[in-house]
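Remarks on the structure that follows.
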Amino acid sequence: MSDKEVILTPEGLKKLEEELEMLKSVKRREVAERIKVAIGYGDISENSEYEDAKNEQAFIEGRVITLEKLLRNARIINSDEIDTNVVSVGATVTVEDLEFGDITEYTIVGTAESNPLQNKISNESPVGRAILGKKTGTVVDVSVPAGVIQYKIVDIKKL
């Protein structure tokens, strides 16, 4: 992971900080205890409990490093910075699929907090890239694996 700027909303920052704190204060202790118990079973060369605990420990430490780097390179988007005249990171955008008439509301976020299941899409995703910087009423073409989707930007509002 490079040292590129990570764009976060205040909510996204809070979630990452909470995850980091939980990993450092709770999960590290839990996995250390599991390793200690597994060592108590004797020969660790064929001890699956020990192997599982060591693998989890490696995952936790990798995630801690990743989160610390994300937070170190974070730029927080405040609602004061969001211009509702054009689509920007932190804005909630209502779009209409011109082929099917479906209306969808997306919140544009940085890649670190994107979650398509919650309609939080990255500014680097195909839809995010296509609508970023556009005004209400603009029609954009979004290239997707199935072809091209045309969206009309219906509304732009702050988080």
Side-chain angles (χ1 to χ4, degrees), residues 1-32 52-159:
M1 184 183 299
S2 67
D3 284 345
K4 82 175 200 174
E5 181 178 72
V6 178
I7 301 171
L8 293 173
T9 62
E11 174 190 353
L13 174 68
K14 183 179 181 209
K15 284 183 180 177
L16 292 179
E17 288 173 337
E18 288 171 353
E19 180 184 356
L20 181 60
E21 182 59 32
M22 189 266 306
L23 289 173
K24 286 180 161 184
S25 63
V26 176
K27 291 294 188 183
R28 274 182 174 166
R29 258 188 254 130
E30 287 175 358
V31 80
D52 288 346
K54 289 300 283 183
N55 286 338
E56 184 178 354
Q57 182 183 44
F59 173 80
I60 289 169
E61 294 308 317
R63 185 66 180 154
V64 165
I65 289 167
T66 299
L67 289 171
E68 287 175 339
K69 192 169 197 172
L70 286 172
L71 293 171
R72 194 171 41 250
N73 295 314
R75 178 170 70 89
I76 311 309
I77 300 295
N78 294 311
S79 62
D80 302 347
E81 298 176 45
I82 300 168
D83 179 1
T84 56
N85 293 316
V86 295
V87 178
S88 62
V89 176
T92 298
V93 183
T94 305
V95 295
E96 177 184 2
D97 180 326
L98 294 180
E99 183 178 354
F100 298 106
D102 296 336
I103 304 279
T104 308
E105 188 173 89
Y106 292 114
T107 300
I108 311 300
V109 296
T111 55
E113 66 179 298
S114 67
N115 185 339
L117 297 176
Q118 295 176 347
N119 284 357
K120 292 182 176 184
I121 61 169
S122 164
N123 59 321
E124 296 177 18
S125 70
V127 174
R129 269 197 317 265
I131 64 176
L132 213 56
K134 303 297 190 291
K135 295 180 178 196
T136 301
T138 303
V139 174
V140 296
D141 293 332
V142 181
S143 294
V144 294
V148 176
I149 299 173
Q150 281 196 320
Y151 284 123
K152 179 178 181 181
I153 300 170
V154 178
D155 188 35
I156 305 168
K157 59 188 175 190
K158 296 183 179 196
L159 287 172

Residues in side-chain contact (heavy atoms from CB on, under 4.5 Å) contact with Ile65, at least two apart in sequence or another chain: none
Note, Asn85 side chain near Ile156 side chain (heavy atom, < 4.5 Å): no
Criterion side-chain contact (heavy atoms from CB on, under 4.5 Å) against Leu13, the qualifying member of Leu8, Ile77, Leu70, Val6: Leu8
Validation row: Leu67, Val64 side chains within 4.5 angstrom (heavy atoms): no
Rounded to the nearest 0.5 Å, how far apart are CD of Glu56 and CD of Glu61? 11.0 Å
Does atom NZ (Lys134) have a neighbourhood of more than 12 heavy atoms from anything else shown, all under 6.0 Å? yes
Side-chain contact test, heavy atoms from C-beta onward, threshold under 4.5 Å: evaluate it for Gln57 versus Arg28 and give yes or no. no
Validation row: Asn73, Glu5 side chains within 4.5 angstrom (heavy atoms): no
Contacts table for residues 15-24: side-chain donor-acceptor under 3.5 angstrom, sequence neighbours left out:
| from | atom 1 | to | atom 2 | distance (Å) |
| --- | --- | --- | --- | --- |
| Lys15 | NZ | Glu11 | OE2 | 3.4 |
| Glu19 | OE1 | Arg63 | NH2 | 3.0 |
| Glu19 | OE2 | Arg63 | NE | 2.8 |
| Glu19 | OE2 | Arg63 | NH2 | 3.4 |
| Lys24 | NZ | Glu68 | OE2 | 2.8 |

Kindly indicate, with the supporting measurements, whether the criterion side-chain hydrogen bond (donor to acceptor under 3.5 Å, both in side chains) is fulfilled by Asp80 and Asn78. CA-CA 5 Å; Asp80 302 347; Asn78 294 311; over 6 Å; no
Ser125 side-chain N/O to Ile121 backbone N/O, donor-acceptor pair under 3.5 Å: no
Would the number of heavy atoms belonging to other residues, nucleotides or ligands and lying under 6.0 Å from NZ of Lys158 be above 12? yes
Salt bridge (charged side-chain N to carboxylate O under 4.0 Å, His left out) involving Lys157 - partner list, sequence neighbours excluded: Glu105
Looking at Ile82, Thr138, Ile108, Val95, which hits side-chain contact (heavy atoms from CB on, under 4.5 Å) with Val87? Ile108
